[in-house]
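Lettering of chains follows the sequences in order, A, B, ..., and the numbering in each one begins at 1.
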Number of protein chains: 2
Amino acid sequence: MTIGQRIRQLREESGMKQRELAAKLDIGEGFLSKVENDQKLLKRDDLKKLSELFNVAHSDLETLWLANKVYDLIKDENQGLDALKVAEEQAKYSKGK
Amino acid sequence: MTIGQRIRQLREESGMKQRELAAKLDIGEGFLSKVENDQKLLKRDDLKKLSELFNVAHSDLETLWLANKVYDLIKDENQGLDALKVAEEQAKYSKGK
DNA sequence: TTACCTTTGACCAAATTTGGACAAGTATAG
DNA sequence: CTATACTTGTCCAAATTTGGTCAAAGGTAA
(Lines give C-alpha, C1' and ligand atoms only; values in the text may rest on other atoms or scores of the structure.)
Protein backbone atom coordinates (compact mmCIF):
# COMPACT_ATOMS: atom_id res chain seq x y z
CA MET A 1 0.00 0.00 0.00
CA THR A 2 1.20 3.44 -0.91
CA ILE A 3 0.85 6.62 1.11
CA GLY A 4 -1.72 7.89 -1.36
CA GLN A 5 -3.80 4.77 -1.09
CA ARG A 6 -3.63 4.96 2.68
CA ILE A 7 -4.75 8.56 2.76
CA ARG A 8 -7.68 7.85 0.51
CA GLN A 9 -8.60 4.88 2.64
CA LEU A 10 -8.57 6.93 5.82
CA ARG A 11 -10.53 9.73 4.22
CA GLU A 12 -13.19 7.43 2.85
CA GLU A 13 -13.49 5.47 6.06
CA SER A 14 -14.28 8.69 7.82
CA GLY A 15 -16.76 9.69 5.14
CA MET A 16 -15.04 12.84 4.02
CA LYS A 17 -14.93 14.32 0.55
CA GLN A 18 -11.63 15.41 -0.93
CA ARG A 19 -12.71 19.02 -0.61
CA GLU A 20 -13.22 18.64 3.11
CA LEU A 21 -9.93 16.99 3.85
CA ALA A 22 -8.15 19.38 1.54
CA ALA A 23 -9.59 22.27 3.51
CA LYS A 24 -8.33 20.80 6.77
CA LEU A 25 -4.90 20.44 5.27
CA ASP A 26 -5.16 23.87 3.77
CA ILE A 27 -4.54 22.75 0.21
CA GLY A 28 -6.68 22.64 -2.92
CA GLU A 29 -8.74 19.64 -3.84
CA GLY A 30 -6.83 19.18 -7.06
CA PHE A 31 -3.65 18.79 -5.15
CA LEU A 32 -5.16 16.29 -2.75
CA SER A 33 -6.39 14.27 -5.68
CA LYS A 34 -2.88 14.05 -6.97
CA VAL A 35 -1.63 13.10 -3.55
CA GLU A 36 -4.09 10.25 -3.31
CA ASN A 37 -3.00 9.08 -6.71
CA ASP A 38 0.67 9.29 -5.75
CA GLN A 39 1.42 11.94 -8.31
CA LYS A 40 2.45 14.39 -5.64
CA LEU A 41 3.67 13.95 -2.12
CA LEU A 42 2.28 15.79 0.85
CA LYS A 43 4.84 17.66 2.81
CA ARG A 44 6.02 15.86 5.82
CA ASP A 45 4.44 18.19 8.34
CA ASP A 46 1.02 17.34 7.05
CA LEU A 47 1.46 13.75 8.13
CA LYS A 48 1.16 14.89 11.70
CA LYS A 49 -2.17 16.52 10.98
CA LEU A 50 -3.36 13.35 9.30
CA SER A 51 -2.36 11.11 12.15
CA GLU A 52 -4.21 13.31 14.59
CA LEU A 53 -7.22 13.70 12.39
CA PHE A 54 -7.62 10.00 11.75
CA ASN A 55 -6.06 8.78 14.94
CA VAL A 56 -3.45 6.54 13.43
CA ALA A 57 0.20 6.10 14.25
CA HIS A 58 2.31 8.89 12.92
CA SER A 59 5.23 6.55 12.34
CA ASP A 60 3.19 4.35 10.05
CA LEU A 61 2.37 7.27 7.82
CA GLU A 62 5.99 8.33 7.84
CA THR A 63 7.07 4.89 6.76
CA LEU A 64 4.71 4.97 3.81
CA TRP A 65 5.74 8.51 2.98
CA LEU A 66 9.41 7.63 2.98
CA ALA A 67 8.73 4.47 1.03
CA ASN A 68 7.16 6.61 -1.63
CA LYS A 69 10.25 8.73 -1.92
CA VAL A 70 12.42 5.66 -2.20
CA TYR A 71 10.14 4.08 -4.75
CA ASP A 72 10.14 7.26 -6.77
CA LEU A 73 13.88 7.04 -6.99
CA ILE A 74 13.97 3.53 -8.38
CA LYS A 75 10.70 3.01 -10.16
CA ASP A 76 12.04 3.61 -13.64
CA GLU A 77 15.36 1.94 -13.01
CA ASN A 78 16.45 -1.36 -14.34
CA GLN A 79 18.66 -2.02 -11.37
CA GLY A 80 16.09 -0.69 -8.95
CA LEU A 81 15.52 -3.80 -6.93
CA ASP A 82 19.21 -4.61 -6.74
CA ALA A 83 19.92 -1.11 -5.54
CA LEU A 84 17.34 -1.53 -2.82
CA LYS A 85 19.09 -4.65 -1.64
CA VAL A 86 22.45 -2.93 -1.57
CA ALA A 87 21.02 0.00 0.33
CA GLU A 88 19.46 -2.39 2.78
CA GLU A 89 22.80 -4.00 3.45
CA GLN A 90 24.34 -0.62 4.07
CA ALA A 91 21.56 0.32 6.41
CA LYS A 92 21.85 -2.88 8.39
CA TYR A 93 25.60 -2.67 8.52
CA SER A 94 25.83 0.92 9.63
CA LYS A 95 23.19 0.34 12.27
CA GLY A 96 25.61 -1.82 14.19
CA LYS A 97 28.21 0.90 14.41
CA MET B 1 30.12 -1.99 -0.58
CA THR B 2 29.36 1.59 -1.51
CA ILE B 3 30.01 3.29 -4.83
CA GLY B 4 32.79 5.30 -3.27
CA GLN B 5 34.51 2.22 -1.93
CA ARG B 6 34.20 0.56 -5.29
CA ILE B 7 35.71 3.48 -7.12
CA ARG B 8 38.62 3.63 -4.73
CA GLN B 9 39.12 -0.09 -5.13
CA LEU B 10 39.19 0.12 -8.90
CA ARG B 11 41.52 3.09 -8.84
CA GLU B 12 43.95 1.45 -6.45
CA GLU B 13 43.89 -1.86 -8.28
CA SER B 14 44.97 -0.04 -11.37
CA GLY B 15 47.64 1.83 -9.48
CA MET B 16 46.37 5.32 -10.10
CA LYS B 17 46.56 8.30 -7.83
CA GLN B 18 43.47 10.36 -7.16
CA ARG B 19 44.92 13.19 -9.17
CA GLU B 20 45.23 10.98 -12.24
CA LEU B 21 41.76 9.61 -12.13
CA ALA B 22 40.37 13.02 -11.31
CA ALA B 23 42.04 14.38 -14.43
CA LYS B 24 40.49 11.66 -16.58
CA LEU B 25 37.11 12.48 -15.16
CA ASP B 26 37.80 16.14 -15.55
CA ILE B 27 37.21 17.00 -11.91
CA GLY B 28 39.44 18.17 -9.09
CA GLU B 29 41.19 15.80 -6.75
CA GLY B 30 39.35 17.23 -3.77
CA PHE B 31 36.07 16.34 -5.34
CA LEU B 32 37.20 12.83 -6.14
CA SER B 33 38.30 12.37 -2.57
CA LYS B 34 34.83 13.22 -1.41
CA VAL B 35 33.37 10.88 -3.96
CA GLU B 36 35.49 8.01 -2.71
CA ASN B 37 34.39 8.80 0.81
CA ASP B 38 30.74 8.95 -0.20
CA GLN B 39 30.42 12.58 0.70
CA LYS B 40 29.56 13.50 -2.86
CA LEU B 41 28.14 11.52 -5.73
CA LEU B 42 29.62 11.47 -9.19
CA LYS B 43 27.21 12.44 -11.86
CA ARG B 44 25.71 9.54 -13.61
CA ASP B 45 27.44 10.12 -16.91
CA ASP B 46 30.79 9.63 -15.30
CA LEU B 47 29.92 6.04 -14.49
CA LYS B 48 30.21 5.25 -18.14
CA LYS B 49 33.71 6.62 -18.25
CA LEU B 50 34.62 4.57 -15.21
CA SER B 51 33.25 1.35 -16.59
CA GLU B 52 35.25 1.82 -19.77
CA LEU B 53 38.36 2.89 -17.97
CA PHE B 54 38.37 -0.04 -15.60
CA ASN B 55 36.57 -2.47 -17.80
CA VAL B 56 33.79 -3.35 -15.43
CA ALA B 57 30.08 -3.72 -15.98
CA HIS B 58 28.34 -0.40 -16.28
CA SER B 59 25.22 -1.81 -14.67
CA ASP B 60 27.10 -2.80 -11.54
CA LEU B 61 28.30 0.72 -11.04
CA GLU B 62 24.84 2.03 -11.65
CA THR B 63 23.43 -0.28 -9.04
CA LEU B 64 25.88 0.99 -6.45
CA TRP B 65 25.29 4.56 -7.52
CA LEU B 66 21.56 4.22 -7.16
CA ALA B 67 21.95 2.38 -3.88
CA ASN B 68 23.84 5.37 -2.59
CA LYS B 69 21.01 7.67 -3.45
CA VAL B 70 18.54 5.40 -1.76
CA TYR B 71 20.69 5.05 1.30
CA ASP B 72 21.10 8.79 1.51
CA LEU B 73 17.37 9.13 1.68
CA ILE B 74 16.91 6.80 4.62
CA LYS B 75 20.16 6.84 6.53
CA ASP B 76 18.98 9.23 9.21
CA GLU B 77 15.49 7.86 9.38
CA ASN B 78 14.05 5.80 12.12
CA GLN B 79 11.70 4.01 9.78
CA GLY B 80 14.32 3.68 7.12
CA LEU B 81 14.50 -0.08 6.93
CA ASP B 82 10.75 -0.44 7.05
CA ALA B 83 10.39 2.06 4.26
CA LEU B 84 12.82 0.06 2.19
CA LYS B 85 10.71 -3.02 2.65
CA VAL B 86 7.57 -1.20 1.63
CA ALA B 87 9.27 0.24 -1.43
CA GLU B 88 10.47 -3.20 -2.33
CA GLU B 89 6.95 -4.54 -2.20
CA GLN B 90 5.78 -1.78 -4.47
CA ALA B 91 8.59 -2.42 -6.89
CA LYS B 92 7.88 -6.12 -7.02
CA TYR B 93 4.17 -5.58 -7.36
CA SER B 94 4.31 -3.01 -10.10
CA LYS B 95 6.75 -5.12 -12.04
CA GLY B 96 4.03 -7.63 -12.70
CA LYS B 97 1.80 -5.08 -14.35
C1' DT C 1 -29.74 18.77 -17.82
C1' DT C 2 -27.63 19.93 -13.50
C1' DA C 3 -24.88 19.15 -9.64
C1' DC C 4 -21.25 17.19 -7.40
C1' DC C 5 -16.78 14.79 -7.07
C1' DT C 6 -12.52 13.75 -8.82
C1' DT C 7 -8.78 13.95 -12.20
C1' DT C 8 -5.52 16.05 -15.03
C1' DG C 9 -2.49 19.25 -17.49
C1' DA C 10 -0.09 23.50 -17.55
C1' DC C 11 2.21 26.52 -15.07
C1' DC C 12 5.08 28.73 -11.28
C1' DA C 13 7.91 30.77 -7.28
C1' DA C 14 10.58 29.21 -3.83
C1' DA C 15 13.37 25.85 -1.69
C1' DT C 16 16.67 22.39 -2.15
C1' DT C 17 20.16 19.65 -4.36
C1' DT C 18 23.92 18.97 -7.46
C1' DG C 19 28.34 19.17 -8.97
C1' DG C 20 31.76 21.23 -8.44
C1' DA C 21 36.24 24.84 -7.18
C1' DC C 22 39.52 26.29 -4.09
C1' DA C 23 42.51 26.64 -0.16
C1' DA C 24 43.90 25.05 4.00
C1' DG C 25 44.72 21.09 6.81
C1' DT C 26 46.35 16.19 7.73
C1' DA C 27 49.30 12.06 7.12
C1' DT C 28 53.09 9.70 5.79
C1' DA C 29 57.54 8.58 3.68
C1' DG C 30 62.03 9.78 2.92
C1' DC D 1 62.06 19.64 6.79
C1' DT D 2 59.95 18.49 2.24
C1' DA D 3 57.31 16.39 -1.05
C1' DT D 4 53.42 13.83 -2.24
C1' DA D 5 48.83 12.20 -1.53
C1' DC D 6 44.61 12.70 0.45
C1' DT D 7 40.86 15.08 3.18
C1' DT D 8 37.90 18.59 4.59
C1' DG D 9 35.40 23.05 5.12
C1' DT D 10 33.43 26.86 2.84
C1' DC D 11 31.42 28.69 -0.83
C1' DC D 12 28.62 28.98 -5.19
C1' DA D 13 25.87 29.07 -9.74
C1' DA D 14 22.97 26.29 -12.01
C1' DA D 15 19.81 22.61 -12.23
C1' DT D 16 16.16 20.25 -10.19
C1' DT D 17 12.46 19.38 -7.01
C1' DT D 18 8.75 20.77 -4.10
C1' DG D 19 4.47 22.14 -3.11
C1' DG D 20 1.36 24.07 -4.73
C1' DT D 21 -2.73 26.92 -7.93
C1' DC D 22 -6.10 27.18 -11.38
C1' DA D 23 -9.07 25.95 -15.04
C1' DA D 24 -10.74 22.56 -17.86
C1' DA D 25 -12.23 17.96 -18.42
C1' DG D 26 -14.37 13.31 -16.88
C1' DG D 27 -17.60 10.45 -14.31
C1' DT D 28 -21.76 9.64 -12.34
C1' DA D 29 -26.15 9.97 -10.17
C1' DA D 30 -30.55 12.21 -9.87
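The base of D/dT18 is not paired with the side chain of A/Lys69 by any donor and acceptor separated by under 3.5 Å. Side-chain to base pairing of B/Lys34 with D/dG9: one donor and one acceptor N or O lie within less than 3.5 Å of each other.
Among the atoms of the strands shown, none is found under 4.0 Å from any heavy atom of A/Arg44. Across all strands shown, A/Lys17 has heavy atoms under 4.0 Å from sugar-phosphate atoms exclusively, and none from any base. Counting non-hydrogen atoms under 4.0 angstrom, B/Lys40 reaches a base of the nucleic acid. Residue contacts for B/Glu29: at a heavy-atom cut-off of 4.0 Å it reaches a base atom on one of the strands shown.
With hydrogens and angles ignored, the 3.5 Å screen pairs a side-chain donor or acceptor of A/Arg11 with a backbone N or O of A/Met16. Side-chain atoms of A/Glu36 never come within 3.5 Å of backbone atoms of A/Ser33 as a donor-acceptor pair (strictly under, hydrogens ignored). Checked by atom type and distance alone, the side chain of B/Trp65 never pairs as donor or acceptor with a backbone atom of B/Leu41 at under 3.5 Å. A donor-acceptor distance shorter than 3.5 angstrom exists from the side chain of A/Gln5 to the backbone of A/Thr2, with no hydrogens or angles considered. A donor-acceptor pair under 3.5 Å is formed between the side chain of A/Glu20 and the backbone N or O of A/Lys17.
For the pair B/Lys49 NZ and C/dG19 P, the interatomic distance rounds to 13 Å; values are reported in whole Å. Following rounding to the nearest Å, A/Asp46 (CG) and D/dG20 (P) show an atom-to-atom distance of 6 Å. Straight-line distance from the CG atom of B/Leu41 to the P atom of C/dT17: 13 Å, rounded to whole Å. For the pair A/Ile27 CD1 and D/dC22 P, the computed distance is 13 Å after rounding to whole Å. Put simply, CG on B/Leu47 is 10 Å from P on C/dG19, counting in whole angstrom units. Rounded to an integer number of Å, the gap from B/Gln39 CD to C/dT17 P is 17 Å. Distance CD1 (A/Ile7) to P (C/dT6): 14 Å, rounded to an integer number of Å. Per the geometry, CG belonging to B/Leu32 stands 15 Å off P belonging to C/dG19, to the nearest Å.
Among C/dG20, C/dT7, D/dG20, the nucleotide with an atom closest to any side-chain atom of A/Arg8 is C/dT7. Of the candidates C/dT8, D/dT7, D/dG19, the closest approach to any side-chain atom of B/Asn37 belongs to D/dT7. The nucleotide whose nearest atom lies closest to any side-chain atom of B/Ser33 is, among C/dG20, C/dT6, D/dT8, D/dT8. Side-chain proximity of B/Phe31 to C/dG20, C/dC5, D/dG19: nearest is C/dG20.
Within the structure, a side-chain polar atom (N or O) of B/Arg11 is placed less than 4.0 Å from OP1 or OP2 of D/dC6. Look at A/Arg19 and you'll find a side-chain N or O under 4.0 angstrom from OP1 or OP2 of C/dC5. Dashed line: the shortest gap from a side-chain N or O of A/Gln18 to OP1 or OP2 of C/dT7 is under 4.0 Å.
Comparing the helix axis at one end of the helix from C/dT1-D/dA30 to C/dG30-D/dC1 with that at the other, each defined from 5 consecutive pairs, gives an inter-axis angle of 40° (nearest 10°).
If you take NZ on B/Lys43 and NZ on B/Lys49, they are separated by 6.5 Å, rounding to the nearest 0.5 Å.
Under the 4.5 Å side-chain criterion, counting only non-hydrogen atoms from C-beta, B/Leu50 is not in contact with B/Val56.
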(message) Would B/Ile3 and B/Leu66 count as a side chain to side chain contact (heavy atoms under 4.5 Å, CB included) here? Give the steps.
(response) CA-CA 9 Å; B/Ile3 180 72; B/Leu66 244 191; over 6 Å; no
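Comparing A/Met16 and B/Asp26, the nucleotide of DNA chain C nearest to each residue sits closer to the 5' end for A/Met16.
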